[in-house]
Amino acid sequence: MGMRCLLVCGVSIALPLFVGADVCKEIGMQNETPSVGQPFAFNCTFPPITFGKVNVLWYKNSRKIPVSQNVHSRIHQDHTWILFLPLAWEDSGIYKCVIEETDHCYRIHINLTVAKRSWCDNSGTSVSTLSDEYKQILHVGQDDSLMCHLHFPKSCVLDSIKWYKVKKKFLLTAWECVACDSNAISCGCDFLAERVGNGGRIPKIIYPKNNSIEVQLGSTLIVDCNITDTKENTNLRCWRVNNTLVDDYYSESKRVREGIEVPVSFQDHTFYTVNITFLEVKMEDYGLPFVCHAGVSAAYIILTLPAPDFQAYLIGGLTALTVVMLSLVGVYNVFKIDIVLWYRSTFHPNGTTEDGKLYDAYILYPKPQRDSQSHDVDTLVWKILPEVLERQCGYKLFIFGRDEFPGQAVASVIDENIKLCRRLMVIVVPESPSFSMLKNMSEEQIAVYNALIQDGMKVILIELEKIEDYAAMPESIQYIKQKHGAIQWSGGFAEQSQAATAKFWKKVRYHMPPKRYPHLPLLLGYKSGGC
Amino acid sequence: MAKAIYTPVLRHIQDLNHQVWVVQDQTLTAVPRKHSMVPATVSLIPCQYPETLETEKGIPMYLGLDKPDVCLFCTKTREQPMLQLEDKNIMTLYHHPEPVKPFLFYHSKSGRTSTFESVAFPGWFIAVCSEGGCPLFLTQDLGKAYTTDFELTPVN
């Protein structure tokens, strides 16, 4: 009976082990290097599995028999813990705990290396042996604490934990915590480094500042996002539009791209630059916020069209106006005669109505002694002038020798009739002796002066030939030449060849008064001849 | 490809009891920090597409280890959310065009300390045992026997 029970018990213990060896999941290996002569405890825990109802057994090396659960044994299992009270050199080795629940099995290993420590003896701390000790960092200016990693099962009563400040060096301070219980003394040393902390800061976007940027349509634009953040930050920095990453938003056209993030490290913070590149600014970009994100911080830019440059428009407008004006003046100067004649023929201005004058022009001409000149003058005065100005253009001329009443004195003829004329047309020929008429006839000269001065009559000076030197001319002629200029005869002397549209006649007609309309019925029969 | 240049930030993570995250035999465990040990280098990178997530809980982050290429990931085993490591490159998750929730944690910062709440299992936080030496796990009991507040320190 007893044998059977032993057999059954043996099978019942061995079976799960046998099964467990096949299906157990290896959790991992942990290394521990506790000190010889000190108490040591290790908890077999695999959350959240070990929070539930599980069976835990500790084994040393590959032994099949679990560690004793006798509390009086130097090495024993206490619930999920394995305890060494205290550690001996021969305890080094691999230990495993097997966690079994209803249908699962887990296995955790610890690699225990028993070490000799000098820090726990009375000689104090030796820095050279601290390399394997706890490293705990305190932050300057913040509430912080050290942890005495002396973990034992609840059944072990730690009477007290005392802290001793062992050594203080530049930036480094060694502390010692000592715990006692009824069985042994446990020691641990913590080695501390101080440093400046800066937790709790949020990323700061220096630029952009929710500002607008003026940019020309079609141009290229690069905008930097400048950020400062803590060195420990894990924030994402990116550009977004419509809450979408720009690289995704423009994934097809790639017209707008996010640049490479450039971090620059400083002592207590990191400075980041992330740019956004618009290869070509389009109309749809204006007014759309492009947002730079850095963790919880965000700031945007908005593109705007540049404001119109009124000054440029003004200068351009004035320049164009000036050019137009100069062009008009130039055109007017070139075509002045044609324009005035066209105006007169089109609109028939009636500026000379009823001024008490009978004639449009008084023809004053010399009597050259040279036959050829005399003939030319006669042809011009008697034939050509009446033909063109009277017949073709409808002017009425006073020609001395044709229109005066017989028997009148020359002086009185000139004096009286000149007052009835609107223009004085003076024909001159080059040779001075031929001007005897004007030079010698003092009465006529007086009449001319009177006409000029009293009536302010306009004078038309016609050179029959080119006159090189006016010095030989009478002063009155010089004066007229200087004031009004002269028109040089350019046509031949054939009577039929004259047309009012010739250049010479246009000039003459330009200086003649505008024709008066409506005029005498006798003019209706005349050809206008282009007048 | 979006933002290929962005790289994860690397941090050591410990709690206020000076227990630091270490990788022990492919398990992420919190143990009292010692000079001799090498803490786990945790890589963190924010999710690019947080629009559909509850961002008021914190910045959605992928958490992984620098070496080996594994990421922290939440799954449910027998009605119990569990924290596991899975072979995965964190940048693969980062470039995924939508949030990969089992791998995401809301990183909420309060002063020096941070909490990591599972996005897949809201209300469940990454925790360690107060008494040390236990693998990381998920808990919904805050401010009790477990530590859920962690401090991120730069990797020197």
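Here is the naming used below: chain letters follow the sequence lines, and residue numbers restart at 1 for every chain.
Applying the salt bridge (charged side-chain N to carboxylate O under 4.0 Å, His left out) definition to pairs two or more places apart or across chains, those involving residues 113-122 of chain B are B/K57-B/E117.
A search for disulfide (SG to SG under 2.5 Å) contacts involving B/C47 returns nothing, not counting sequence neighbours.
A distance of 12.0 Å separates CD1 in B/I59 from NE2 in A/H293, rounded to the nearest 0.5 Å. To the nearest 0.5 Å, atom OG1 of residue B/T7 and atom CD of residue A/E261 are 7.5 Å apart. Within the model, atoms OG1 of A/T33 and CE of B/M37 stand 8.0 Å from one another, a figure rounded to the nearest 0.5 Å.
Of the atoms belonging to B/C134, heavy atoms from both backbone and side chain fall under 4.5 Å from chain A. Interface remark: B/V23 contributes no atoms to any contact with chain A (heavy atom separation under 4.5 Å). Of the two parts of A/D103, only the side chain, counted from C-beta on, holds a non-hydrogen atom closer than 4.5 Å to a non-hydrogen atom of chain B.
Counting heavy atoms from C-beta on, the side chains of B/Q48 and A/D247 never come closer than 4.5 Å. The shortest distance between side-chain heavy atoms of A/I27 and B/Q24 does not fall below 4.5 Å.
For chain B, the option among A/N31, A/I110, A/N233, A/I108 with the highest count of heavy-atom pairs below 4.5 Å is A/N233. In terms of heavy-atom pairs under 4.5 Å with chain B, the best-connected choice from A/G295, A/G28, A/C44, A/S251 is A/G28. For the set A/V296, A/T234, A/N43, the count of heavy-atom pairs under 4.5 angstrom toward chain B peaks at A/T234.
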- [ ] Check step by step if side-chain contact (heavy atoms from CB on, under 4.5 Å) holds for B/Y94 and A/L236.
- [x] CA-CA 12 Å; B/Y94 176 73; A/L236 176 71; 4.1 Å; yes
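Residues A/R240 and B/E51 approach most closely at NH1-OE2, 2.6 Å, considering heavy atoms.
Within 6.0 Å of atom CD in B/Q26, 12 or fewer heavy atoms from other residues, nucleotides or ligands are found, so the atom counts as exposed in its surroundings.
The aromatic rings of B/Y146 and A/F51 lie parallel to each other, their planes meeting at an angle below 30°, with 60° marking the opposite boundary.
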